[in-house]
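Notes follow the structure.
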Amino acid sequence: MANYDETQIQVLEGLEAVRKRPGMYIGSVSERGLHHLVYEIVDNSVDEALAGYCNEINVEILPGDLISVQDNGRGIPLGIHPKMGIPAVEVVYTVLHAGGKFGGEGYKVSGGLHGVGASVVNALSENVTVEVCNGDGLFAISFCRGKVVEGLHKVAEQTKRGTKVTFKPDAQIFDTTVYNADTLAQRFKEMAFLNKGLKITLWDKREENSQQRVFHYEGGLISFVEYLNKSRESIHPQVIYFETEQNDVEVEVAFQYTTAYSESIFSFVNNINTIEGGTHLDGFKRGLTKVFNDYGRKFNILKEKDANLQGEDVREGITAIVSVRVKEPQFEGQTKTKLGNSEVTSIVNSVMLDKVADFLEENPQVAKSVLEKTLSAARAREAARKARELVRRKSALESTTLPGKLADCQERDASKCEVYLVEGDSAGGSAKQGRDRKFQAILPLWGKMINVEKTRADKIYNNDKLLPVIIALGAGIGNDFNLEKLRYHKIILMADADVDGSHIRTLLLTFFFRYMRPLVDNGNIYIAQPPLYKLSKKGMEDIYCYNDEDLEKKLKELQEKGIQKENLNMQRYKGLGEMNSEQLWQTTMNPVTRTLVKVELEDAIAADEIFSILMGEDVEPRREFIEANAKYVKNLDI
Ligand code: 28F
């Protein structure tokens, strides 16, 4: 214990650094960062499950937004750490990066996006209590903002094993400390799918009489694909699945084809959703293309005169999960969610060739249906290529042939430019007059927007409603999309706050998500917030309210100043069209006074799901969604 003081100082400095710059460790201090704390702790339990010692995790949201996570693993080790001279559990909770690397033999594979784990949660929590049952009893240790307040001590006799962590996120750090149970549930569901047999229970105890939600799938990835396809029509009954290991890399793949036109492929490394893909995904795609070409040639479904199927042909309508477990994953890319280990490509490619070829030979009926689908996709691709060529040629002439309806801005630096996509010609007119033409462009949209979820690519590229949007943005579409060519860094959807407005917003978001996905990932899309009410009175400046709570608040403020509701004139706006250009500028477009909602992608799987439920072919899931959510609807105008 000679250097005990010194190491303690290092520990405190480490945690102080986390408190100073929390964003560097958990991404942000928004609601998203708040949820991240829970994932860090649950990831530790999942690691224990991956090691084969734990099969149940219970998460509770307690009154006051405390979180408790409990597992039935071996319990965090309590023995004195040889170098630090303190119990191992204390090391795990106070030393940055203490996770898998400490104490020699770490876990074989380990999840955790940032791999920073428990000490970061501790640094960013008002209180943490860790309880460990290791077979010899129940022991506990407590912390406050990262510092030990009650050292490790025995609490009771206990023969069971496991770890329970209870923490309260620090209100000094986070914008909000209120948890969203649905966000957590979505994540736990995915984790349960990825780890077959693992049972994760979520119980929101903030409300009385609340129900437990249990996520437990013996089918694992097969259940995952079935779940994702519940609002799609599959073209073969069973999910194609295999699980194997090669050169220390575990590969698990499940996929099924549907009548959809888009592809929904999700890839994971050690349970982490690799949003940017990487070598495992490359291997999957390469293997898939080759296996169908080989099969098609062998059985003469692909004739001699036919060209090879291309990657996009064999992926049309596929729903797939690619999950690999790698010992030392290297993460790259902007958000560190892209696998870089080059050896993984050939491993996944070769197991695909093996396993999928076997499956096709054993299931010729399935092989035939899928190959027919890929052939028709190849024909559609040809048509789409011609359509896209046309778009490209039109956009190439960009400066001279910007859409006639577009009122462009003067600024040429795209990072300073905004474009408002406005529903309806009349609102478009007011927006054109009201805007600051230096940096704000207006593109009015009119008529019926197409639903891209139900349309094949070739019909989209030359659709007369979408073409102006594609050309105005200037960055291309689909595989050709190039963020660097984007002409406006803020794309603002401005539609009425009614049912039709929601519809057009949803149609546009579906289009951006499926065909200009980098815009979503990069955070270029915003939704304008026009006011719902105007309060006016002679001699008083007009007051705008953006929702019902806002209205209540402002009425109360006025009352405190002695202005009664009865003496006010209250106007409820039914649409953008009711505002003149000056009002529209003041309430919705002036960067100083407006509110914009930024569209962010927190969970790509949940987003894919909601788009296919709301916009897809299958009616039943949509109906269920509406029945489940109708109670939340506030301003329904019929
Ligand atoms: C509610 C949160 O944190 N559970 C955990 C264990 C079990 C072991 C462990 C954890 C070993 C390699 C560090 C026990 N016995 N739930 C949890 N359960 N950590 S965290 O060991 C520490 C890691 O790197 C454990 C034997 N080996 C490991």
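Atoms within a ligand are numbered from 1 in the order they appear, just like the ligands themselves. Here, residue 1 is the first one in the sequence, and each next residue gets the next number. FYI, side chains are in, hydrogens and waters are out, and symmetry mates aren't considered; it's all heavy atoms of this structure.
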- Query: Distance only, no hydrogens: is a donor on one side chain within 3.5 Å (strictly under) of an acceptor on the other, for Ser30 and Asp175?
  - Reply: no

- Item | No-hydrogen, no-angle side-chain donor-acceptor test under 3.5 Å, Asn229 and Ser234 | no

Polar-atom distance check: [X] versus ligand 1, any N or O pair below 3.5 Å?
X	answer
Tyr93	no
Asp71	yes
Lys164	no

- Query: Strictly under 4.0 Å, does any heavy atom of Ala88 approach an atom of ligand 1?
  - Reply: no

- Query: Gly73 near ligand 1, heavy-atom distance under 4.0 Å?
  - Reply: no

- For atom 7 (C) of ligand 1, which candidate among Glu48, Arg74, Glu40 provides the closest heavy atom? Glu48

Which of the numbered atoms in ligand 1 are under 4.0 angstrom from any heavy atom belonging to [X]?
X	answer
Val165	1 (C), 2 (C)
Gly75	7 (C), 8 (C), 14 (C), 25 (C)
Asn44	3 (O), 17 (C)
Ile41	1 (C), 2 (C)
Ser45	1 (C), 2 (C), 16 (N), 17 (C)
Val69	1 (C)
Thr163	1 (C), 4 (N), 5 (C), 16 (N), 17 (C), 18 (N)

- Message: Can you tell me how far apart CZ (Phe284) and CG (Leu288) are? Round to the nearest 0.5 Å.
- Response: 5.0 Å

- Does the cation-pi check pass for Arg187 over Tyr39, that is, NZ or CZ under 6.0 Å from the six-membered ring centre and within 45° of its axis? yes

- Task: Quick one: sort the Tyr227 and Phe193 rings into parallel, tilted or perpendicular, breaks at 30° and 60°.
- Result: tilted

- Paired with His280, the side-chain contact (heavy atoms from CB on, under 4.5 Å) test is passed by just one of Asn349, Val249, Leu339, namely Leu339

- Does the pair Asp618/Arg622 count as a salt bridge with the N-to-O cut at 4.0 Å? no

- Message: Would you say the ring centers of Tyr179 and His35 fall short of 6.0 Å from each other?
- Response: yes

- Query: For Asp182, does its backbone N or O pair with a side-chain atom of Asn180 as donor and acceptor, under 3.5 Å?
  - Reply: yes

